[in-house]
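See structure below.
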Protein chains: 2
Amino acid sequence: MAQRTSHRAAPEHTHPDDVSVQTALAALADPVRISLVRELAGSQEWSRSCGSFDVPVGKAALSHHFVVLRGAGLVEQRDEGPRRVNRLRRAEFEARFPGLLDLVLRDEPTV
Amino acid sequence: MAQRTSHRAAPEHTHPDDVSVQTALAALADPVRISLVRELAGSQEWSRSCGSFDVPVGKAALSHHFVVLRGAGLVEQRDEGPRRVNRLRRAEFEARFPGLLDLVLRDEPTV
DNA sequence: CGGAGTGTATGCTTTTCATCGAACACTCGG
DNA sequence: CCGAGTGTTCGATGAAAAGCATACACTCCG
């Protein structure tokens with residue numbers, strides 16, 4: 001049979017098309033999540049596990065932020081052995097909210 | 001001397017150029033403020049007084065929302081007799097955050 | 001000058017959200 | 001099969017934000 005890297009419950013994802021502007025904006029209006037999105041944008045897809053990000057919060061809070069990012073259609077996750085790796089949903093999100101992601105990525109780190 | 005419609009303290013304004021993305025997103029991530037911006041976008045400049053908007057909050061809360069909108073560089077206000085009239089800073093905001101305002105204006109009313 | 005209309009400021013609830021610590025679940029390597 | 005590594009869940013806490021009611025300030029009109 002095919003590969004089967006995990007027996008865990010797959011994370012719930014929301015497609016950007018099913019996300020309201022308000023939800024998208026709220027998801028991006030947080031300094032920690034902005035950091036996550038930026039770091040993710042500068043990395044290869046599926047190369048970053050949740051714990052590999054340089055943000056000043058504990059893992060419980062971090063886990064919560066990924067829930068929000070998934071719920072806004074910004075991030076896709078996949079279980080790979082013991083860790084959960086991430087991908088920024090650039091194209092899909094861009095199609096739903098043209099220009100929005102670029103605004104966040106281009107801007108200088110939060111002052 | 002020239003006209004002088006008010007002796008009141010002029011409202012404080014922030015230019016979009018001095019606004020961070022995070023602040024801009026936070027300002028637009030609220031249902032009441034989204035309504036205000038949309039209504040404002042559909043009206044002539046300087047035609048709407050603060051109290052003329054159809055939002056389900058008292059006037060104290062409303063006043064607060066306008067403070068936030070001014071602080072994000074989204075709205076400009078001017079005193080005109082007893083009332084304070086508004087203008088959406090379309091061009092300036094668009095120059096600072098290309099596409100952002102359009103996203104909010106195009107989208108269906110918050111579900 | 002006094003009253004109606006309009007908006008702001010203040011003080012106080014209520015809600016929401018970010019955070020943490022601790023406990024639990026799953027995967028992999030010995 | 002146990003232990004280390006990783007991430008989620010739960011409960012509690014603290015801070016921020018939104019709300020309201022009231023009181024105040026300013027403008028206009030009679």
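Atom set for the values below is all heavy atoms of this structure, side chains included, hydrogens, waters and symmetry mates excluded. Lettering of chains follows the sequences in order, A, B, ..., and the numbering in each one begins at 1.
As rounded to whole Å, 11 Å separates atom C1' of C:dT8 from atom CG of B:Asp79. In this structure, A:Gln22 places its CD atom 13 Å from C1' of D:dA18, rounding to the nearest Å. The CD-P distance, from A:Glu80 to C:dT27, rounds to 14 Å in whole Å. Taking atom CG of B:Leu25 as the reference point, atom P of C:dC17 lies 16 Å away to the nearest angstrom. The CD atom of A:Gln77 sits 17 Å away from the P atom of C:dC26 (whole-angstrom rounding). Nucleotide C:dG29 holds its C1' atom 13 Å from the CZ atom of A:Arg83, rounded to whole Å. The CZ-P distance, from A:Phe66 to D:dT9, rounds to 14 Å in whole Å. In this structure, A:Asn86 atom CG and D:dT6 atom C1' are separated by 13 Å, rounded to whole Å.
The distance from the CG atom of B:Leu62 to the CZ atom of B:Arg33 is 11.5 Å, given to the nearest 0.5 Å. Atoms CG and CG, from B:Asn86 and B:Leu74 in turn, are 11.5 Å apart once rounded to the nearest 0.5 Å.
Using a cutoff of 4.0 Å between basic side-chain nitrogens and carboxylate oxygens, B:Arg78 and B:Glu80 are scored as salt-bridged. Taking a cutoff of 4.0 Å between a charged side-chain nitrogen and a carboxylate oxygen, B:Arg87 and B:Glu92 qualify as a salt bridge.
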At a cut-off of 3.5 Å, list every protein nitrogen or oxygen paired with a nitrogen or oxygen from nucleotides 18-23 of chain C, distance to 0.1 Å.
unit_1 : atom_1 : unit_2  : atom_2 : d
C:dA18 : OP1    : A:Arg33 : NH1    : 3.4
C:dA18 : OP1    : A:Arg33 : NH2    : 2.8
C:dA18 : OP2    : A:His64 : NE2    : 3.1
C:dT19 : OP2    : A:His65 : NE2    : 2.3
C:dC20 : OP2    : A:Gly58 : N      : 2.5

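For B:Ser49 and C:dG7, the shortest distance from a side-chain N or O to OP1 or OP2 is below 4.0 Å. Here B:Arg84 reaches the OP1 or OP2 of C:dT8: one of its side-chain N or O atoms lies under 4.0 Å away.
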Between B:Asp30 and B:Val68, is a side-chain contact (heavy atoms from CB on, under 4.5 Å) present by the stated rule, with each step listed? CA-CA 11 Å; B:Asp30 176 279; B:Val68 175; over 6 Å; no

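The shortest side-chain heavy-atom distance between A:Leu28 and B:Val21 does not fall under the 4.5 Å cut-off.
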